[in-house]
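Shown next, in structure tokens, is the structure this report addresses.
Because the structure is predicted, anything quoted here is derived from the model rather than measured.
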Amino acid sequence: MLTKKVYGAGPDLVLLHGWSMNSAVWAPLLPLLQTRYRVHCVDLPGHGFNRHYLPGLTLRDWSQALREIIPENAQLLAWSLGGLVALDLCASGYSANRVDLIASTPCFVRRSDWPDAMREVALDNFATSLRTDYRKTMRDFLALQALGEEHIKILIQDLNTALTAGGEPSLEALTAGLHILRNSDVRAAWQNLQCPASCLLGEKDGIVPAKAALALQQLNAQANIYVVPRSGHAPFISHPQQCLDFWRSIWPSNIMGNVISEVKA
């Protein structure tokens, strides 16, 4: 069974990280969130402190493993690959209080009816590189996440620090994660969400194009979509105040309160 770390008190908030990372990536936001929420920090299967546990290789395997350890009716805050897990969790019957995505999309690969996404060959190249040169693949992916950022070296350093602090993922989990990113299409889950939803996108994101905002809005007209100016794939790290201001505008005011001065941009 997956394990998790829990901080703070209040309504349940589950944090889900992206491919190759772990829950240490939330460190900049955790001090604020844990004063308002009971925060469940989960490392995905094969990642971080769960790197020795891989219940299966499919998206449904991962979402069901998560469901075993999180409370019902929690708010899900999910970044990148974590967004697919959150949406599949809801598609399988989990009742979320709300779903908030960061630099995520229900379909990461470009399709004829979904043009604003990564080319399939890009993920295939990562999979090939992963088998031949693990270290280079990790460096390249960190650089891709920081693409377009004004302070690209600082963001890469921050991501690498989180990766080191939480522990490197297993090769099996990385391979499975790429397969999930390449083959998953949970647009129906996003479209049929029965709870409030939002998605933050980075204007200069090289993984999830900001142009996907229109398609996301068309699929779920009730969702709040926001593009963070001049940010890449990790806006909650590079532009935390803009993200917090957006969440403050849509999350319950009695929980978030006044956060404008609490985190420096």
Side-chain angles (χ1 to χ4, degrees), residues 13-33 39 41-44 47-48 76-87 99-106 108 116-118 122-123 126 137-169 173-174 177-178 180-181 198-213 216 224-248 259 263-265:
L13 174 64
V14 177
L15 304 182
L16 301 176
H17 62 82
W19 185 80
S20 80
M21 300 304 295
N22 56 70
S23 57
V25 79
W26 302 106
L29 294 181
L30 188 57
L32 171 65
L33 294 176
V39 183
C41 288
V42 182
D43 285 349
L44 294 176
H47 292 70
L76 307 178
L77 180 58
W79 174 45
S80 195
L81 171 63
L84 289 177
V85 178
L87 290 175
V99 175
D100 297 287
L101 306 182
I102 307 171
S104 191
T105 173
F108 275 75
D116 297 314
M118 293 183 73
L123 286 172
F126 269 113
T137 304
M138 298 300 287
R139 290 195 302 269
D140 289 347
F141 190 71
L142 290 179
L144 181 59
Q145 292 183 79
L147 186 67
E149 292 285 356
E150 181 180 0
H151 304 292
I152 186 170
K153 291 183 179 180
I154 295 176
L155 181 55
I156 291 176
Q157 182 178 354
D158 289 344
L159 289 169
N160 191 60
T161 297
L163 178 62
T164 303
E168 292 186 342
L174 291 174
L178 287 177
I180 290 171
L181 288 169
S198 75
C199 186
L200 275 170
L201 298 172
E203 181 186 25
K204 299 181 181 296
D205 193 340
I207 298 174
V208 179
K211 287 183 178 180
L216 288 168
N224 291 281
I225 314 293
Y226 179 62
V227 177
V228 182
R230 299 180 298 281
S231 68
H233 192 61
F236 66 102
I237 299 176
S238 62
H239 295 73
Q241 193 61 61
Q242 288 91 322
C243 296
L244 287 167
D245 289 345
F246 170 69
W247 291 328
R248 179 174 176 266
V259 301
V263 175
K264 293 183 179 180

| query | What do the steps show when you test L15 against L29 for side-chain contact (heavy atoms from CB on, under 4.5 Å), and what is the final call? | reply | CA-CA 11 Å; L15 304 182; L29 294 181; over 6 Å; no
| said: Working to the nearest 0.5 angstrom, can you tell me the gap between I156 CD1 and R139 CZ? | reply: 11.5 Å
| task | Decide side-chain contact (heavy atoms from CB on, under 4.5 Å) for L30 and C41; before the verdict, give the C-alpha distance in whole Å, the side-chain angles of both, and the deciding distance to 0.1 Å. | result | CA-CA 9 Å; L30 188 57; C41 288; 4.2 Å; yes
| query | What are the two closest non-hydrogen atoms of H47 and G18, and how far apart are they? | reply | CD2-O, 4.5 Å
| field | Nearest heavy-atom neighbours spanning S20 and M138 | value | CB-CE, 3.5 Å
| said: Looking at R230, is its backbone amide N or carbonyl O close enough to the side chain of E203 to form a donor-acceptor pair, meaning the two atoms are under 3.5 Å apart? | reply: yes
| In Å and rounded to the nearest 0.5 Å, what is the CG to CH2 distance from L84 to W19? | 14.0 Å
| message | Under the rule for side-chain contact (heavy atoms from CB on, under 4.5 Å), what residues qualify as partners of P31, not counting sequence neighbours? | response | none
| task | Provide the closest heavy-atom pair for L201 versus A103 in the form atom of the first, atom of the second, distance. | result | CD2-CA, 4.3 Å
| field | Test log, rule side-chain contact (heavy atoms from CB on, under 4.5 Å), inputs M21 and L81 | value | CA-CA 10 Å; M21 300 304 295; L81 171 63; over 6 Å; no
| note | Across all chains, not counting sequence neighbours, the side-chain contact (heavy atoms from CB on, under 4.5 Å) partners of Q157 are T161
| query | By ring-ring contact (aromatic ring centres under 6.0 Å, His included), which residues pair with F236, not counting sequence neighbours? | reply | W26, W79
| How far apart are the C-alpha atoms of F246 and N224, what are their side-chain angles, what is the distance that settles it, and do they pass the side-chain contact (heavy atoms from CB on, under 4.5 Å) test? | CA-CA 9 Å; F246 170 69; N224 291 281; 3.9 Å; yes
| field | Exercise: identify the closest heavy-atom pair between S104 and V208 | value | O-CG1, 4.0 Å
| note | To the nearest 0.5 Å, atom CG of L159 lies from atom CZ of F141 at 9.5 Å
| Set of residues satisfying side chain to side chain donor-acceptor pair (under 3.5 Å) with respect to D43, sequence neighbours excluded | S23
| task | Enter the distance from L33:CG to L244:CG here, rounded to the nearest 0.5 Å. | result | 7.0 Å
| Shortest non-hydrogen contact from V228 toward C243 | CG2-SG, 4.4 Å
| query | Sequence neighbours excluded, which residues qualify as salt bridge (Lys or Arg N to Asp or Glu O under 4.0 Å) partners of D116? | reply | none
| remark: Interatomic distance, CD1@I102 vs OG@S80, rounded to 0.5 Å, equals 10.0 Å
| field | Separation between CG of D100 and CG of L16, rounded to the nearest 0.5 Å | value | 11.5 Å
| note | By side-chain contact (heavy atoms from CB on, under 4.5 Å), A24 pairs with (sequence neighbours left out) N22, A162, A165
| request: With L76 as reference, evaluate L87, V99, L13 under the side chain to side chain contact (heavy atoms under 4.5 Å, CB included) test and give the passing residue. | output: V99
| Considering all heavy atoms, the nearest P106-L216 contact | CD-CD2, 3.4 Å
| Is the backbone of G206 close enough, under 3.5 Å, to the side chain of H233 for a donor and an acceptor to pair up by distance? | no
